[in-house]
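This report concerns only the one structure given below.
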Amino acid sequence: MSGAVETVLTPQAQAEKRTQEMWDEDTASKAMGMELVEVGPGTAVMRMRVREDMVNGHGTLHGGLTFAFADSVFAFAANSYDYRAVGVQCDITYHAPGRLGDVLTGTGREVTRAGRSGLYDVAVHREDGTLIASFRGNSRVVTPRAK
C-alpha cells in the first residue's frame, strides 16, 4: 500500500481543470482574440470581438471565422470531462452577419453524451441579442486524459 490519497474532483472542478489545460495549449483561439468566460460539465461560454482583419469583402465577419469561433466553444464544452474528444461532424447555420466591432458570445451546451459520442449545440449572439449563428457538433472520445 503506497499511502497515496487520490483526489476526487467535483464535476465543476474537473471541467475547470480540463478546459484550463486545453486553453493553455490553444494558440488558435487566442490568436483570434477569443476569451474563455465560463465552463461547466458539458458547457462553455466564450467571447470574441470582430476585428478589422476578420471582415470579408462584404464588410461582415467571414463565415469561416464564425465557424471557427463556434467550433472552439463546442470543443471546450466537449472537453470538459476526463477524456479528449474531437469533432467528427459539425453543421452551422448563419442567421445574421457579424460586423466590425461586434462582441460575439458563443454559448455551448451538451445535448446528449453516451459512450464515446456526444452532441453539442452552440448559439452565437451579438451584444444586442441578435442570433448570428447556430452550430451543432458531434464529438468522439479519442483518448482518456493522463492523470
Side-chain angles (χ1 to χ4, degrees), residues 6-56 58 60-147:
E6 184 176 325
T7 302
V8 178
L9 298 175
T10 65
Q12 180 63 35
Q14 179 174 271
E16 291 171 7
K17 179 180 183 203
R18 298 309 179 198
T19 55
Q20 184 63 53
E21 291 169 352
M22 192 168 129
W23 179 254
D24 290 345
E25 300 297 321
D26 186 347
T27 56
S29 295
K30 290 175 193 169
M32 288 181 60
M34 293 180 205
E35 172 190 0
L36 188 56
V37 176
E38 183 180 325
V39 296
T43 66
V45 178
M46 298 180 78
R47 281 196 200 105
M48 180 183 77
R49 179 176 298 278
V50 179
R51 303 181 312 227
E52 188 174 342
D53 63 340
M54 299 173 161
V55 176
N56 62 23
H58 299 296
T60 61
L61 176 62
H62 189 287
L65 298 176
T66 306
F67 185 96
F69 177 56
D71 186 52
S72 287
V73 176
F74 159 58
F76 281 97
N79 281 278
S80 59
Y81 299 103
D82 199 26
Y83 51 70
R84 292 185 189 276
V86 296
V88 292
Q89 195 278 327
C90 303
D91 291 312
I92 192 165
T93 301
Y94 301 100
H95 303 286
R99 301 208 183 275
L100 180 62
D102 283 350
V103 176
L104 305 181
T105 299
T107 304
R109 68 172 184 82
E110 185 176 271
V111 176
T112 187
R113 181 172 57 101
R116 294 178 57 181
S117 299
L119 179 64
Y120 295 82
D121 284 340
V122 176
V124 177
H125 289 90
R126 276 195 212 126
E127 289 173 295
D128 67 2
T130 301
L131 180 65
I132 298 297
S134 52
F135 175 104
R136 177 162 269 198
N138 292 276
S139 68
R140 183 80 170 161
V141 173
V142 292
T143 183
R145 291 186 192 263
K147 300 286 180 193

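If you're wondering where the values come from, they're calculated on a predicted model, not measured in any experiment. Index from 1, following the sequence.
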Tell me, do [X] and [Y] make a side-chain contact under 4.5 Å, heavy atoms counted?
{"X": "Met46", "Y": "Ser72", "answer": "yes"}
{"X": "Arg84", "Y": "Asn79", "answer": "yes"}
{"X": "Leu104", "Y": "Leu61", "answer": "yes"}
{"X": "Glu21", "Y": "Lys17", "answer": "yes"}
{"X": "Gln12", "Y": "Ser80", "answer": "no"}
{"X": "Cys90", "Y": "Arg136", "answer": "no"}
{"X": "Phe76", "Y": "Trp23", "answer": "yes"}
{"X": "Arg18", "Y": "Tyr81", "answer": "no"}

> Any side-chain donor-acceptor pair under 3.5 Å between Glu16 and Gln20?
Replying inline: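 Side-chain D/A pair, Glu16 to Gln20: absent.
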
> Does one side chain, of Ser117 or Arg140, offer a donor that lies under 3.5 Å from an acceptor on the other?
Replying inline: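 Present: a donor and an acceptor within the cut-off.
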
> His58 side chain to Thr60 main-chain N or O, any donor-acceptor pair under 3.5 Å?
Replying inline: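 Such a contact is absent between His58 side chain and Thr60 backbone.
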
> With no hydrogens and no angle check, is any side-chain donor or acceptor of Thr43 less than 3.5 Å from a backbone partner on Gly40?
Replying inline: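 Yes; at least one donor-acceptor contact below 3.5 Å.
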
Nearest 0.5 Å please: distance from the [atom1] atom of [X] over to the [atom2] atom of [Y].
{"X": "Asp102", "Y": "Arg49", "atom1": "CG", "atom2": "CZ", "answer": "9.0 Å"}
{"X": "Leu119", "Y": "Phe74", "atom1": "CG", "atom2": "CZ", "answer": "8.5 Å"}
{"X": "Asp71", "Y": "Leu65", "atom1": "CG", "atom2": "CG", "answer": "12.0 Å"}

Kindly give the heavy-atom pair with the smallest separation between [X] and [Y], and that separation in Å.
{"X": "Ala70", "Y": "Phe135", "value": "CB-CD1, 3.6 Å"}
{"X": "Leu100", "Y": "Val50", "value": "CD1-O, 3.7 Å"}
{"X": "Met34", "Y": "Ala68", "value": "CE-O, 3.9 Å"}
{"X": "Ser139", "Y": "Ala78", "value": "CB-CB, 4.1 Å"}
{"X": "Met54", "Y": "Met48", "value": "CE-SD, 3.9 Å"}
{"X": "Gly108", "Y": "Val122", "value": "CA-CG2, 3.9 Å"}

Taking atom [atom1] of [X] as the centre, does the number of heavy atoms from other residues, nucleotides or ligands within less than 6.0 Å exceed 12?
{"X": "Gln89", "atom1": "CD", "value": "yes"}
{"X": "His125", "atom1": "NE2", "value": "yes"}
{"X": "Arg47", "atom1": "CZ", "value": "no"}

> Only one of Asp91, Ile92, Val124 forms a side-chain contact (heavy atoms from CB on, under 4.5 Å) with Phe67, so which one is it?
Replying inline: Ile92

